Amino acid sequence: MADPKQAPHAFAGEQSLSEDSLYVSLTYDELDAAKAMARVKSPKAGAIVLFAGCTRDTFQSKTVTHLAYTTYVPLALRSLLAIAREVQQKHGLVGISITHRLGRVDIGEESIVIAVSAPHRKAGWAAGEECLEGVKARVEIWKEEWFEDGGVWRSNRDGGVGVPVVVGGTHEEDVGAAGLG
Amino acid sequence: MSTPKAPPGTFTLLYFAAATSYTRRQHDHLDAPLPVAALYDVLEKRYPGIRAKVLSSSALTVNLDYVDVDEEGARGEAGMVIKEGDEVAVIPPVSSG
């Protein structure tokens, strides 16, 4: 591992599932919107809608230093593919690509990129939004929000202040310095 | 980071997010077979307070399928049993995006 301060990565590169024109993946690397767009391009598609979710620098006016995501890889991929399939069928899409980032994500970087292609733009806009909301509600990925004084696990469901992060027998303060910081 | 294979006579229980913070572990190997209905009692004994703090707001999967713990409890003897080698996971409220 090049950076000893970095939390260990479960895998290198990308873990993905695909089916027909659906593609879903997880990666610790920076996300590439152009790649996502290229995956769904088609002569049958008159519209591509691209969504990028970025790391914001505050939560309820508290300064966020960075985020870190963990996941249950096989289950998250399965859920992502199920959502992609549902949205594609409902909106008659040509293709969908969903990639979620894992590990540390700094402020201003993307944590998720969704690209959908549709014959016409209206279906594309609607599908893109529905796809994101489905991912946020269902996919087994967890966000640690790190502030200057420690980290909390966020919950999309309740939206409130999260549970403090403690990892593997290490005291919370140590994690910021030695584990995830 | 990959989880070691469950030793004979056990199953793997994976922890994520708040469950990891509470247990300070990524996983445990617990004795199999074990009825799903009995799992939370076993965990409460091992990690006092985990039921109220973590399990009550979490879901459970067995071999990547969601299982309704209350429903399995209500089925009594006919309830689902976790077998040797199974992969079980505590799934706290998710927060992607």
Side-chain angles (χ1 to χ4, degrees), chain A residues 7-11 26 51-55 67-80 98 100-102 110-112 114 131-145 151-160 162-172 175, chain B residues 1-6 11-30 36 39-40 43-44 46-69 80 82 85-97:
Chain A
H9 291 178
F11 57 87
L26 300 166
F51 174 84
C54 308
T55 301
L67 302 180
Y69 292 92
T70 55
T71 189
Y72 185 8
V73 175
L75 189 57
L77 286 174
R78 186 195 266 205
S79 297
L80 282 168
I98 312 173
H100 203 293
R101 194 163 165 198
L102 303 173
E110 292 87 41
S111 53
I112 183 168
I114 297 175
C131 189
L132 177 72
E133 296 307 321
V135 170
K136 287 186 76 110
R138 280 163 58 189
V139 177
E140 294 82 1
I141 294 173
W142 296 276
K143 178 191 300 180
E144 298 165 18
E145 226 155 30
V152 294
W153 293 108
R154 177 70 38 222
S155 159
N156 283 350
R157 188 171 64 191
D158 59 35
V163 185
V165 174
V166 182
V167 180
T170 327
H171 191 259
E172 193 181 336
V175 174
Chain B
M1 270 247 310
S2 67
T3 309
K5 202 174 175 295
F11 67 93
T12 304
L13 179 62
L14 302 175
Y15 303 115
F16 297 98
T20 307
S21 290
Y22 200 87
T23 60
R24 302 194 171 208
R25 298 175 64 80
Q26 309 278 346
H27 69 272
D28 274 321
H29 294 305
L30 302 177
V36 165
L39 177 64
Y40 286 5
L43 291 178
E44 180 67 24
R46 212 174 246 243
Y47 306 105
I50 194 172
R51 188 191 291 268
K53 286 270 174 57
V54 178
L55 302 176
S56 61
S57 58
S58 297
L60 192 80
T61 61
V62 177
N63 299 328
L64 301 181
D65 286 322
Y66 281 94
V67 170
D68 187 323
V69 178
M80 184 182 191
I82 299 164
D86 280 354
E87 183 175 281
V88 181
V90 175
I91 309 289
V94 300
S95 50
S96 67

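All chains are named by letter (A, B, ...) in the order of the sequence lines, taking the proteins before the strands, and each is independently numbered beginning at 1. Source: prediction; values computed, not measured.
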With B:E87 via side-chain hydrogen bond (donor to acceptor under 3.5 Å, both in side chains) - residues at least two apart: A:Y72
Toward chain B, the part of A:R138 with a non-hydrogen atom under 4.5 Å: backbone
Top of B:A59, B:A89, B:A17, B:A18 for chain A proximity - count of heavy-atom pairs under 4.5 angstrom: B:A17
Among A:I112, A:I114, A:L75, residue most engaged with chain B (heavy-atom pairs, under 4.5 Å): A:L75
A:I141 portion near chain B, given a 4.5 angstrom heavy-atom threshold: both
Counterpart residues, side-chain hydrogen bond (donor to acceptor under 3.5 Å, both in side chains), relative to B:T12 (two or more places apart): B:H29
Contacting moiety of A:T71, where chain B heavy atoms sit under 4.5 Å: backbone
Any donor-acceptor pair under 3.5 Å from B:E44 side chain to B:G49 backbone: yes
Under 3.5 Å side-chain donor-acceptor pair for A:E144 and A:T70: no
A:A137 versus chain B, the contacting section by heavy-atom distance below 4.5 Å: backbone
Heavy-atom contact with chain A under 4.5 Å, split by part of B:T23: neither
A:A68 backbone acceptor or donor facing A:W142 side chain under 3.5 Å: no
Separation of B:Y40 OH from B:L55 CG (nearest 0.5 Å): 5.0 Å
